[in-house]
J.: 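Handing you this structure, nothing more for now.
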Number of protein chains: 2
Amino acid sequence: MAKASDRDGEDDADRHVARWRDHWIDVDFDDEVEGAVVRMQHLVRHFREAKQRAVAQVGLQAFEYDTLHTLMIRDTPGHASPTDLATDLGVSPAGMTGRLDTLEKAGYVGRTVGKTDRRRVEVEITDAGADIWRQAMAIRGDAEDQVVNVLSKKEQIALNQLLKRMTLSVEAEGEQDH
Amino acid sequence: MAKASDRDGEDDADRHVARWRDHWIDVDFDDEVEGAVVRMQHLVRHFREAKQRAVAQVGLQAFEYDTLHTLMIRDTPGHASPTDLATDLGVSPAGMTGRLDTLEKAGYVGRTVGKTDRRRVEVEITDAGADIWRQAMAIRGDAEDQVVNVLSKKEQIALNQLLKRMTLSVEAEGEQDH
DNA sequence: GGACGTTACTTCGCTAGCGAACTATTCGTC
DNA sequence: GACGAATAGTTCGCTAGCGAAGTAACGTCC
């Protein structure tokens, strides 16, 4: 039943780390590293599930919302090429075609061939698409606020500084091999 | 006030937040909350991709490794019921059946019906399964170390304290509605 | 100015996973 | 002890996504 509440101070990650350490005394194992990774995974999973429930309220699936969202927050809001969206979203070109098929059929985006270069496709959001995205936006993010606001503003800033050091190292690393 | 973007350059999250803020001045929007969420998402995605590459070296897919791993680090290492594994891994019962089919066919786990309750199925790891899991373990986690060890031990502890406050709130919340 | 490589997207075959219906076993109640 | 409810797992139909091959348009170099 009440797992976290009766033994207060322990979260799933603590238990995870404890179990793991028991069986792997011989291997290089770092409690803090593993704890941080597991906790971030749990939090992200929570956010993903919360968002899924939220956008479902307006009749969108997670991947539809993600696509519309990525389409809207870019430098040219509401306009993009499939390739750009695919790289931003981290899906394959083939997957992007599928997503756009769904969104186009639902009437949330339109596809037009580029005039100068006819290989290119211009994805453009429709009024209906912008509308439902706005609706989803309005109810989305509450779960995130609720969790992150457990921390004070000061702590949030500290957290972001720590996280950012790591993301910067990841991004720098990713650029080496290209 | 020291925003995350002030000192050491911008990361993707900063750019993400900046773009979003531009188009959503009218909606309740919190830079620090959004930044933290996006950064954790990026890091988790990086870990997932890194692990995928790592376990592929021993010929495992991510979901196979995850399943073996969850099977091994539990209180009764190497033994579990499909339902337990499914809840731990966050997959549906049907999905679990599929995973176990794959692992069983590969010879990494065995399935036996419970003696006292014949509805139950006892999943047990095989020698081959334990073996390949150990191999995967050995090369796994390097990417995580590499990223998290950008921070000092002290910072890692601070990070974990912050993350833990959030995971505890998530876990407490999740138990209310059950 | 035509052959050849490149670019941008789509189609195809396949896989993992979900939700819902189904099967088999056990528990509870009278 | 028998019948209905509950539980554990599997089967089935379907969807999103991947990788590889395919198609169409553009660029280039001789």
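In what follows, chains carry the letters A, B, and so on, assigned in the order in which the sequence lines appear, proteins first and then strands, with residues in each chain numbered from 1. Everything quoted here is computed from the prediction, not taken from an experiment.
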J.: Check salt bridge (Lys or Arg N to Asp or Glu O under 4.0 Å) between Asp14(A) and all other residues, then give those that pass, not counting sequence neighbours.
T.: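 Applying salt bridge (Lys or Arg N to Asp or Glu O under 4.0 Å) to Asp14(A) gives Arg39(A), Lys164(B).
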
J.: Who are the side chain to side chain contact (heavy atoms under 4.5 Å, CB included) partners of Ser81(A), not counting sequence neighbours?
T.: Thr83(A), Asp84(A)

J.: Given atom CD of Glu49(B) and atom C1' of dG17(D), what is their separation to the nearest angstrom?
T.: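 After rounding, the reported distance stands at 14 Å.
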
J.: So which of residues 56-67 of chain A are in contact with DNA chain D, with a heavy-atom cut-off of under 4.0 Å?
T.: Gln61(A), Phe63(A)

J.: Check residues 63-73 of chain A and write down every donor-acceptor pair under 3.5 Å in which the side-chain atom is one partner and the other belongs to a residue at least two apart or another chain.
T.:
residue  : atom : partner   : partner atom : Å
Glu64(A) : OE1  : Gln61(A)  : N            : 2.8
Asp66(A) : OD1  : Lys51(A)  : NZ           : 2.8
Asp66(A) : OD2  : Lys51(A)  : NZ           : 3.3
Thr67(A) : OG1  : Phe63(A)  : O            : 2.6
Thr67(A) : OG1  : Arg99(A)  : NH1          : 3.3
His69(A) : ND1  : Trp133(A) : NE1          : 3.0
Thr70(A) : OG1  : Asp66(A)  : O            : 2.8

J.: Within the 4.5 Å heavy-atom criterion, are Thr102(A) and Tyr108(A) side-chain neighbours or not?
T.: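 Heavy-atom side-chain distance check fails, nothing below 4.5 Å.
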
J.: Taking side chain to side chain donor-acceptor pair (under 3.5 Å) as the definition, give me every residue that meets it alongside Arg118(A), ordered by chain and number, with sequence neighbours left out.
T.: none

J.: Is there a residue in residues 97-104 of chain A whose heavy atoms reach under 4.0 Å of DNA chain D, and which residues are they?
T.: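 Within this stretch, Arg99(A) sit under 4.0 Å of the strand.
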
J.: Can you find a pair of side-chain heavy atoms, one from Val37(B) and one from Val148(A), that are under 4.5 Å apart?
T.: yes

J.: Could you tell me which residues satisfy salt bridge (Lys or Arg N to Asp or Glu O under 4.0 Å) with Glu155(B), sequence neighbours excluded, listed by chain and number?
T.: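 Expected list: Arg165(A).
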
J.: What residues form a salt bridge (Lys or Arg N to Asp or Glu O under 4.0 Å) with Asp131(B), not counting sequence neighbours?
T.: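 Partners of Asp131(B) by the salt bridge (Lys or Arg N to Asp or Glu O under 4.0 Å) criterion come out as none, since no residue qualifies.
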
J.: Under the salt bridge (Lys or Arg N to Asp or Glu O under 4.0 Å) rule, collect the residues that match up with Arg140(A), sequence neighbours excluded.
T.: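 Salt bridge (Lys or Arg N to Asp or Glu O under 4.0 Å) check on Arg140(A) returns Glu144(A), Glu34(B).
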
J.: Please enumerate all protein N or O atoms sitting under 3.5 Å from an N or O of nucleotides 1-3 of chain D, with distances to 0.1 Å.
T.:
none

J.: Specify the separation, in whole Å, of atom CZ of Arg120(A) and atom C1' of dT7(C).
T.: 8 Å

J.: Which residues in residues 84-92 of chain A have a heavy atom closer than 4.0 Å to any atom of DNA chain D?
T.: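 Within residues 84-92 of chain A, the residues near DNA chain D are Gly90(A), Val91(A), Ser92(A).
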
J.: Of all heavy-atom pairs between Gly35(B) and Asn160(A), which one has the smallest distance, and what is that distance?
T.: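 Nearest heavy atoms, Gly35(B) then Asn160(A): C-OD1, 3.3 Å.
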
J.: Any non-hydrogen side-chain atom of Arg45(B) less than 4.5 Å from a side-chain atom of Gln41(B)?
T.: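 SC-SC contact between Arg45(B) and Gln41(B) ruled out.
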
J.: Could you give the CD-to-P distance, from Glu122(B) to dA8(D), as a whole number of Å?
T.: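 Nearest whole value for this atom pair: 14 Å.
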
J.: Considering only side-chain heavy atoms of Ala94(A), which listed nucleotide, dA8(C), dC12(C), dT10(D), is closest?
T.: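 Comparing dA8(C), dC12(C), dT10(D) against the side chain of Ala94(A), the answer is dC12(C).
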
J.: Is any side-chain heavy atom of Asn149(B) closer than 4.5 Å to a side-chain heavy atom of Gln156(B)?
T.: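 Of all side-chain heavy-atom pairs linking Gln156(B) with Asn149(B), at least one is under 4.5 Å.
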
J.: In B/S/- notation, 5' to 3', how is nucleotides 21-29 of chain C contacted by protein heavy atoms closer than 4.0 Å?
T.: ----BS---

J.: Could you tell me whether Pro82(B) contacts a base, only the sugar-phosphate backbone, or nothing, with contacts defined as non-hydrogen atoms closer than 4.0 Å?
T.: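 The answer is sugar-phosphate, as Pro82(B) gets under 4.0 Å only of primed atoms, P, OP1 or OP2.
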
J.: Side-chain contact test, heavy atoms from C-beta onward, threshold under 4.5 Å: evaluate it for Arg74(B) versus Asp88(B) and give yes or no.
T.: yes

J.: Do Thr97(B) and Pro82(B) touch side chain to side chain, with heavy atoms closer than 4.5 Å?
T.: no

J.: Is atom NZ of Lys153(B) surrounded by more than 12 heavy atoms (other residues, nucleotides or ligands) closer than 6.0 Å?
T.: yes

